[in-house]
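Sequence lines set the chain letters: A, B, ... in the order given, protein chains first and strands last, and positions in each chain run from 1.
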Amino acid sequence: MNMVNENEAAPVLSLRNLVCRRGERIILDGINLDVPAGAHLCIRGPSGCGKSTLLRAIAGLDIPAGGTVSIRDRLVSGAGAWVQPHLRGLGFVFQTPALWPHMTIAENIRFGLHGMGKGASSERTDHLLKRFSLSDLRNRHPDEISGGEARRASIARSMAPHPALLLLDEPMTHLDESLKEDALDFLLEEAEEAHTTLLLVTHDAGEAARVSARSLLFQEGGWVLA
Amino acid sequence: MTGGKKRNQILRFHLPSGILVLYTLLAGLPLLLLSVQAFTAVAGGETEWRTLVFPQGRRLALLLQTLGFAFSVAIPGTLIGFAGAATLRFTRSRRIRHLSAFLIPSAAIPPHIHAMAWSVLVFWINGLLKRSGLPPLQDQGFIISVWVQMMALLPFAFGIMLLTLSGISNDLLEASRVTAPDRRTILRILFPIALPGLSTSFSFLFLVSLLDYSVPSLFQLNLYTLGIFSEYSIRYDASHAFLMSVPLLFLSLPAAWLLQRSLRRLPLIPSGSGREARWPLRLPFWMHGLSCLSVLLLLLQLLVPLAVLAVQSLPALSSMDWLTDSLPDMGISLLIGVGTAFLTLPFAHAAALSIDSRRHNRHAWWWLVMLPLALPAPLIGIALIHTWNAGAFSWTSLYNTLFMPILACTLRFLPFAVFLLLSFLKRVDRNLIGAALILQKNSLHTLFRIFLPMLSGAYLGAGLLVAVLAIGELGATLLLTPPGAGTLTLKIYNYLHYGSSEAVSGLCLLLYLIALGIGLFLQKTATSNNRRPA
Amino acid sequence: MSRLAWRSNILFNRFLLFFLSMLLLATVLSGCGTGKSVVVYTAVDQVYSEQLFTQFTQETGIRVLPVFDVEAAKTTGLINRIIAEKENPQADVFWSNEFIQTILLQEKGVLAPYVSASAKDIPQAFKEEKGYWTGFGGRARVLIINRDKLSRDKYPTSLLNLLDSGVSPDQIGIALPMFGTTATHAAALYAQWGPEAALSWHGTLKEKGVRVLDGNSVVRDLVASGELIMGLTDTDDAYGAVNNGAPVDVVYLDQEEGGMGTLINPNTAALIAGAPHPETARLFIDWLLKPSTEAALLKVGFIDLPCRDVGVQSLNLGDTVVKGMSVNLAAIYANLEVSRTDMTELFMK
């Protein structure tokens, strides 16, 4: 199976023969993939086919059993290399908002901006709060906001450090249609502006169609680029 | 209101409340009568009460020393428990993770045994040091008392922290890992979220060290509680002892308050993905050092008593009389353990449900459950004698039966069962109960077919935990065990006095192996119960 | 049935099965018994008293239901229990390895008088005049010395020269003098020397840095292991170490001509007022006070000094004659409160 992108632009993400296991079971078996900078790619397939595992392997949250992962031409996993997740320059949105309960919304967003100066990080936080319509909630704690707001805050947090690659693991699950629309709008606007590459795991064909024309699909026991 | 709704109300609110009222009678009344007796003595001319309640001079110094001792045990004990639990929670090595099955049961080793084992070890080490011309380690006083007490309590600190850390969703940590180094994730995310666990562990260790003088007294460190006993043995007056305990209550009640507050804030959310944490830690060297040190200390607290017991009990293997002679005591101990588990569980169930509810009286239940935790064990024993032998409950004829030590152990260890049940209750997906409430025939149907089976692991765990603690109990059991029904722990202490160290070591080893067996069984059950519904 | 429900049911059943099997096992192990019985609360070491209880049951068919004390409770556990149970007594007999607590129980009105026929040849000094309690063979206060650590010519001979043997005071041990027989010993010295001299002697021990330990058995263990060179303890503890093969010698102090003698602490037996089984209680006391019982206790080494001639030599002492202190038991008891208060003040600082 070879799903190398035909696009000539330099890939921001390259996977070569990626193999992931859970115990004895092989979840991903020899995935090859190039994703060019600024591209939006949806990953779709039935439950248990390895969508989340793929994202976690790219992020370095799981350790692949074989193959290599390169981000922006830098080998981050495999062939003797291992780069810690926070040094890979990516963002991750989980299935749950996973907001830290002891921090306010603003503090959650600011957490990843430790490399910036104080002024720049405040400015970035304010920008994101405004962009995601969270300005009024900046001093609230996660248990004081709604599910949709928490989801927006979670996306804002992951985009705060300007990641070149944003991995989203079913981020819109459990949101109603209008909230989902809002959250997607915010996400796509911000991604467009920052030229962020998106990898979105989703079950929802409509959501996939809004994000990207191309999808990585799991069909009849194998992965295909559609 | 329909009949069905009424039944629901009865089972969800009135039944737990009824059970708790019964508990109030059993636990609250004896303690209330003791305090009434003490205050009547004050009113009747007990002139010393001011000096007893507000200590000065020597007593004040003793109280401060006790406070210092409790802090010195609780702070490092909690930090080591945290570092050790974090290491075991996040390690990728299955073997290391399984260590927890051995570490938690070691909580059942009586502190006295730790003291004995460490004394022997320090003596050996000092022999070596002397031969090498080096100064000896301190074998008496503050430092060794703190050390041994901490070793005896480490399994509790470790267990509390492991429970806390396993309740923290991986997503929260991984969300940080993609933007920050592990050090920052630990300090800024893990540590603050685990803070209620840290304060639970701290307040528990503090409370126990404040109230239990057995280890310090072995190393010549005088504590306030020993002072109470000392003066008690001059007067044999429960009121006097109660009044002397009041300054201790001023310290122990805030600790109990902190304990209950922290427990309610434990991050015991259902773990989101159910995925095992595979977290290859990249720690700065000092944190790595602390982590290795903590695991080493946990192993030491497990292995030192075990090794010393094993070496010392070798000669006892030539004759197994000590074992066959102890069979009746083992039977009584088991009966008390099992009985305590059975009596504790309904109370723990009712208390946990009431405390977990949003009802206004939940604080009252907390205090009721916590109160015995703040009282020295002999006072609980004396209070129960006064109520059950000739007092309000003498008509029951239950005095002089095994019910009495079982009741005392229930009062003493109910808080632990409640902690455990609450932690599991918080992890239950409410939708599972909601689904049952919609489809049920009646509330009993839900209670017995859904609720209890779903929480069976928790009930089993709570039952076994109190059983193990009850088997090791001494202070109250000594006062309440019926004639002819000695326990294994009483026998161990008795033989310890006689100096039969081989038999003592053999019995302790036996007690330890029983506890270990129970711990392994628990571990297996917990693992098989950990699968989450789809 | 869903997988979860199936698993839960299995677990629930396992849970019930486990507890029921534990209950069954415990019931089988503990056993049950009926018939005549006597309830004995005793501070005597279980290893000794158990043998006697078995013998009593074999001879009389009466089952003994004992409650043992433990040293960890500072031997006050049982006394508190008896006092707390005063309104509805549960014990028939109190058998103690000393006399102080027995006199205390008498003062608290917990005991009933009983003059046993077996006690007629016991000297009056060992008996309460109205029969509230009766003393018999006992143990003595001794100095236990690790002979590998000190040459015999340096052994102290008197309490007054305890610190003059050249041994560093931190190599000498005593138990906390507020508890147990060490408290009795302190009270005896108050009675013998007068409060000032006795307090001053204890003050010197404290000041010089003598090791103050949790109990007599701890003193014994530390001397036996060589961690301490010598310490004050009782004969039952000391000979325990000797019989275990420890390199220790047992020294009776103040035995010289004109010396005050050492404290002898008799066993005491007393009937509890309102005992639930008074008949079997009297039978047990009669049996316990018989010369043959005292002889048996001498033979097993639980007591070292008989209160009368029982025709048997002590296992531990052989034919050694030990001189006891001349102060009477009531005088010692009378000094107890003040000595304990002083000792608490002195040693709990």
Visitor: Looking at residues at least two apart in the chain, or sitting in another chain, which of them share a side chain to side chain contact (heavy atoms under 4.5 Å, CB included) with Ala238(C)?
Guide: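 Partners of Ala238(C) by the side chain to side chain contact (heavy atoms under 4.5 Å, CB included) criterion, ordered by chain and then number, come out as Val142(C), Ile144(C), Thr233(C), Val250(C).
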
Visitor: Counting distance only, does the side-chain N/O of Ser37(C) pair as donor-acceptor with the main-chain N or O of Arg63(C) below 3.5 Å?
Guide: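 No, the answer is negative, given that no donor and acceptor are paired below the 3.5 Å cut-off.
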
Visitor: State whether a side-chain donor-acceptor pair under 3.5 Å links Thr181(C) with Asp234(C).
Guide: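 Side-chain D/A pair, Thr181(C) to Asp234(C): present.
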
Visitor: By a 4.5 Å heavy-atom criterion (distance strictly below it), what part of Ser225(C) contacts chain B: side chain, backbone, both, or neither?
Guide: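 Both parts, heavy atoms under 4.5 Å.
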
Visitor: Sequence neighbours left out, what pairs pass salt bridge (Lys or Arg N to Asp or Glu O under 4.0 Å) with at least one residue falling in residues 384-393 of chain B?
Guide: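 Output for this query is empty, none listed.
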
Visitor: Which bit of Asn389(B) comes within less than 4.5 Å of chain C, counting heavy atoms only: side chain, backbone, both or neither?
Guide: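 Answer is both: backbone and side chain atoms of Asn389(B) are under 4.5 Å from chain C.
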
Visitor: Checking heavy atoms, do the side chain of Tyr41(C), its backbone, both or neither come under 4.5 Å from chain B?
Guide: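 Contact with chain B: side chain only.
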
Visitor: Check each atom of Leu223(B) against the heavy atoms of chain C and say whether the ones under 4.5 Å are side chain, backbone, both or neither.
Guide: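 Leu223(B) touches chain C through backbone heavy atoms alone.
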
Visitor: Are any side-chain N or O atoms of Glu473(B) and backbone N or O atoms of Ala476(B), one a donor and one an acceptor, separated by less than 3.5 Å?
Guide: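 Flag set: sc Glu473(B) to bb Ala476(B) pair under 3.5 Å.
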
Visitor: Of the listed residues (Met343(C), Lys86(C), Gln46(C), Glu50(C)), which shares the most heavy-atom pairs with chain B below a 4.5 Å separation?
Guide: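 Highest number of heavy-atom pairs under 4.5 Å: Gln46(C).
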
Visitor: Go through Ala390(B), Gly484(B), Gly127(B) and name the one with the most non-hydrogen pairs under 4.5 angstrom from chain C.
Guide: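 Looking at each of Ala390(B), Gly484(B), Gly127(B) in turn, Gly484(B) comes out on top.
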
